[in-house]
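Atoms within each ligand, like the ligands themselves, are counted from 1 in listed order. This one's a predicted model, so the numbers in the text were calculated from it and none came from an experiment.
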Amino acid sequence: MASEILSARDVDFLLFEWLRSEELFEREPFAQHSRETAEAVLELAETVATERFAPHARANDLQEPSFDGTTVTLIPEVGTALRAFADAGFLTAGVPESHGGEGVPTSVVSACLAWFHAANTATSGYSLLSMAAANLIRTHGTDEQRRLFAEPLAQGRFTGTMALSEPASGSNLADLLTRAIPQDDGTYRLFGRKMWISGGDHELADNIVHLVLARTPDAAPGTKGISIFIVPKCLVAEDGSLGERNDVVLAGINHKMGSRGTVNTAPVLGDGAHRPGGAAGAVGYLVGSIGQGLPIMFSMMNEARLGVGIAGTAVGYTGYLKSLAYARERLQGRPFGAKPTEPQVALTEHPDVRRMLLAQKAYVEGALALMLYCSRLVDDAHSLEGEAADEALALLGLLTPIAKSFPAQWCLEANSLAIQVMGGAGYTRDHDVEQHYRDNRLNAIHEGTHGIQGLDLLGRKVLLDGGRALGLLVARIHETAERATAAGESGEAYAVSLLAMTARLQEVTRLAGEAGGGADVLAEATAYLEGTGHLVIAWLWLEQWLAAHGKEGAFYDGKRAATAYFFTRELPKVGLWFDLVAAHDGLTTHLDPATL
Ligand SMILES: Cc1cc2nc3c(=O)[nH]c(=O)nc-3n(C[C@H](O)[C@H](O)[C@H](O)COP(=O)(O)OP(=O)(O)OC[C@H]3O[C@@H](n4cnc5c(N)ncnc54)[C@H](O)[C@@H]3O)c2cc1C
């Protein structure tokens, strides 16, 4: 029976029929792998996700983490699942062999992570954080930091956190207040309050490695004065053994709408709750140099934002599969014009239910294509050289805000449609889809909100870049359109619509640039993000249409139907978003808040 977690068939289509991942195994960094080893890793992901992650996804929500003032308690299945994840090698699957990993291409690892997030996104959150923390230390830390912190993180003995946000500093990190005071022995003592920190305390591992943003005395104001520190929950001796408890405790935990199994915490540093070395202050170790906190954190941002995009996609995907299975079984009503004496039909026989299922399919399969395309760009940047590698990196930077935002918005819409397809049953806790909706709602908020992604795309990635990366995207869209035109049939018509909307993107970008990217223009950054996001997904649907071209069977017919849906029902919406950018009429810039 096909899984209701994710579609192995679709993953296989995207990686091997569309992205031709075999080409990667001919390149030096991935030469030790083959299609067979990649398929074995994917199968292992499916098995561990199905057997260890999915079974407690509901319990993780119903019995959310609790805090008694000292200890955070989670259901035991979380620890068992994370152990299985580590034992199966997923914490280091994508790490280059030269750094002690298995060197599996990121595109394959991303597909594996989609299995875990679809099965249980809350438990998967801990692994994602540990992998990101280990990567940051591996890339920017000293040899000793790698040995004492990155290695145990990679083995699953420690877990990691990313401690950026503070109560008064969320989207705008420039104003964060946590202080780091240098000590004679080269360490720092940290004092301050953090907020919203995922995985900030628990008993899942021997130790927790917090990566904390803080300011040193006399640091420059704004983002230039921010540095990054390793602050372990327990100090670690030279030989790797655990020492005293560090001065970092919780003020409390946050009670969330969804994704409840990932404990969310409000840590306090330097309150004197513990006194390492006889003094208050959380002991911290500088990573990189002073003032490099944000550049270092942002160097990991593509990875973190792709991680959020994969989570959003996966949660949308499993909701689609579950509502589809329900709609195939549930008998309700008769086709238009049928007699009351005729038998009732399955929900899938009603065109409006098909519309909702097709919309979900178009969003979630389109989003998965985007996530794997971006992951392939990571692989290309690592395995190609010169201009080709630069091009992959530039395109990845441009697409990252879209990869973070499209799934958060449209795979959430898919989750809403999954509830709608199932009617009253979908709204109850007897089925998973209501939890998927709540779990997925987070993804437009953390790792930079939806609005912040829009500003990043239009302000930084397009206008500040002078349109270079955008030019690369436009060139790739043109190349796809050429192949679609040559393929004929509906490909020709799709190419015409796609090129027309791409020309509109170039036009509104030019207008935004001519207007100097001022406040009125940036006020429409979200419209720019959403319009460009839909255009990119349309492009990737045409890519999938081409990969399915000339092939027969329900699977390929499904790809053609979803392409038709996206081009006729979704792509036309782009015009409205782009009109708003072109007009940048200042409606919200000049609005008096008193009128709201
Ligand atoms: C469940 C959860 C887990 C999290 N995990 C972590 C974690 O592990 N580590 C961590 O450091 N943080 C974490 N965060 C924090 C998260 O990154 C922040 O919530 C997010 O950055 C937004 O900050 P804020 O909540 O203070 O909202 P605000 O910054 O107050 O924003 C509120 C609204 O105003 C908008 N807004 C704010 N400024 C602007 C602007 N300049 N222009 C336009 N619009 C603007 C935002 O887009 C948003 O819609 C987590 C948050 C949640 C809810």
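Residues Tyr317 and Gln360 have side chains that never bring a donor and an acceptor to within less than 3.5 angstrom of each other. Residues His56 and Thr80 bring no donor and acceptor atom of their side chains to less than 3.5 Å of each other. No side-chain N or O of Asp175 forms a donor-acceptor pair with one of Ser169 less than 3.5 Å apart. A donor-acceptor contact under 3.5 angstrom links the side chains of Gln435 and Arg58, judged on distance only. At a cut-off of 3.5 Å, with distance as the only test, a side-chain donor of His436 or Lys322 sits close to an acceptor on the other residue. There is a side-chain donor-acceptor pair under 3.5 Å between Glu530 and His450. With hydrogens and angles left out, the side-chain atoms of Thr123 and Asn60 include a donor and acceptor closer than 3.5 Å. Neither side chain, Thr313 nor Tyr363, offers a donor N or O lying under 3.5 Å from an acceptor on the other.
Counting protein heavy atoms under 4.0 angstrom from atom 35 (C) of ligand 1 gives zero. Atom 26 (O) of ligand 1 is approached by the protein to below 4.0 angstrom, counting heavy atoms only. Atom 12 (N) of ligand 1 is flagged as protein-proximal [any protein heavy atom, distance under 4.0 Å]. The presence of a protein heavy atom under 4.0 Å from atom 32 (C) of ligand 1 is ruled out. For atom 44 (N) of ligand 1, the nearest protein heavy atom lies 4.0 Å away or farther.
Taking the six-membered ring for Trp and thresholds of 30 and 60 degrees, Tyr126 and His202 have ring planes more than 60 degrees apart, a perpendicular arrangement.
Remark: Arg438 engages Asp61 in a salt bridge, criterion side-chain N to carboxylate O under 4.0 Å. With respect to Lys461 and Asp465, no salt bridge is recorded, no charged nitrogen being found less than 4.0 Å from a carboxylate O. Residues Glu507 and Arg504 are not paired through a salt bridge, judged by the lack of any N-O separation under 4.0 Å between the basic side chain and the carboxylate.
From the protein, the heavy atom lying nearest to atom 40 (C) of ligand 1 is Ile452 CD1, 4.2 Å. Gly170 CA, 4.0 Å is the protein heavy atom nearest to atom 24 (P) of ligand 1. For atom 20 (C) of ligand 1, the closest non-hydrogen atom of the protein is Ile445 O, 3.6 Å. In this structure, the protein non-hydrogen atom closest to atom 14 (N) of ligand 1 is Trp196 CB, 3.3 Å. Among all protein heavy atoms, the one lying closest to atom 8 (O) of ligand 1 is Ser198 N, 3.0 Å.
For Asn254, the heavy-atom gap to ligand 1 stays at 4.0 angstrom or more. Heavy-atom distances between Thr161 and ligand 1 stay at or above 4.0 Å for every pair.
Of all the heavy atoms of Thr449, the ones lying under 4.0 Å from any atom of ligand 1 belong exclusively to the side chain. Contact annotation: for Lys194 versus ligand 1, there are no heavy atoms closer than 4.0 Å.
The closest non-hydrogen atom to atom 18 (C) of ligand 1, taken over Gly200, Ser165, Ala132, Ala525, comes from Ser165. In this comparison of Ala304, Ser171, Gly448, the heavy atom closest to atom 38 (N) of ligand 1 sits on Ser171.
Geometrically, ligand 1 and Leu455 share no nitrogen or oxygen pair separated by less than 3.5 Å. Residue contacts with ligand 1: Ile197 is placed with no nitrogen or oxygen under 3.5 Å of a nitrogen or oxygen of the ligand (distance criterion only). Between Ser169 and ligand 1, not a single N/O pair is under 3.5 Å apart. An N or O contact shorter than 3.5 Å is missing between Asn172 and ligand 1 by distance.
Atoms of ligand 1 lying under 4.0 Å from any heavy atom of Lys256, numbered from 1 in the order shown and given with element: 1 (C). Of all atoms in ligand 1, numbered sequentially from 1 with element shown, those under 4.0 Å from a heavy atom of Leu442 are 1 (C), 2 (C), 52 (C), 53 (C). Close contacts of ligand 1 with Met162, meaning ligand atoms under 4.0 Å from a residue heavy atom, involve 7 (C), 8 (O), 9 (N), 10 (C), 11 (O). Contact atoms of ligand 1 toward Asn264: 1 (C), 2 (C), 3 (C), 4 (C), 5 (N) (distance under 4.0 Å to a heavy atom of the residue).
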Inset, instruction - Carefully, step by step, assess Asp201 and Lys233 under the rule salt bridge (Lys or Arg N to Asp or Glu O under 4.0 Å). - result: CA-CA 8 Å; Asp201 204 4; Lys233 175 177 172 179; 2.8 Å; yes
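Side-chain contact between Pro267 and Val249 is absent, with no heavy atoms from C-beta onward closer than 4.5 Å.
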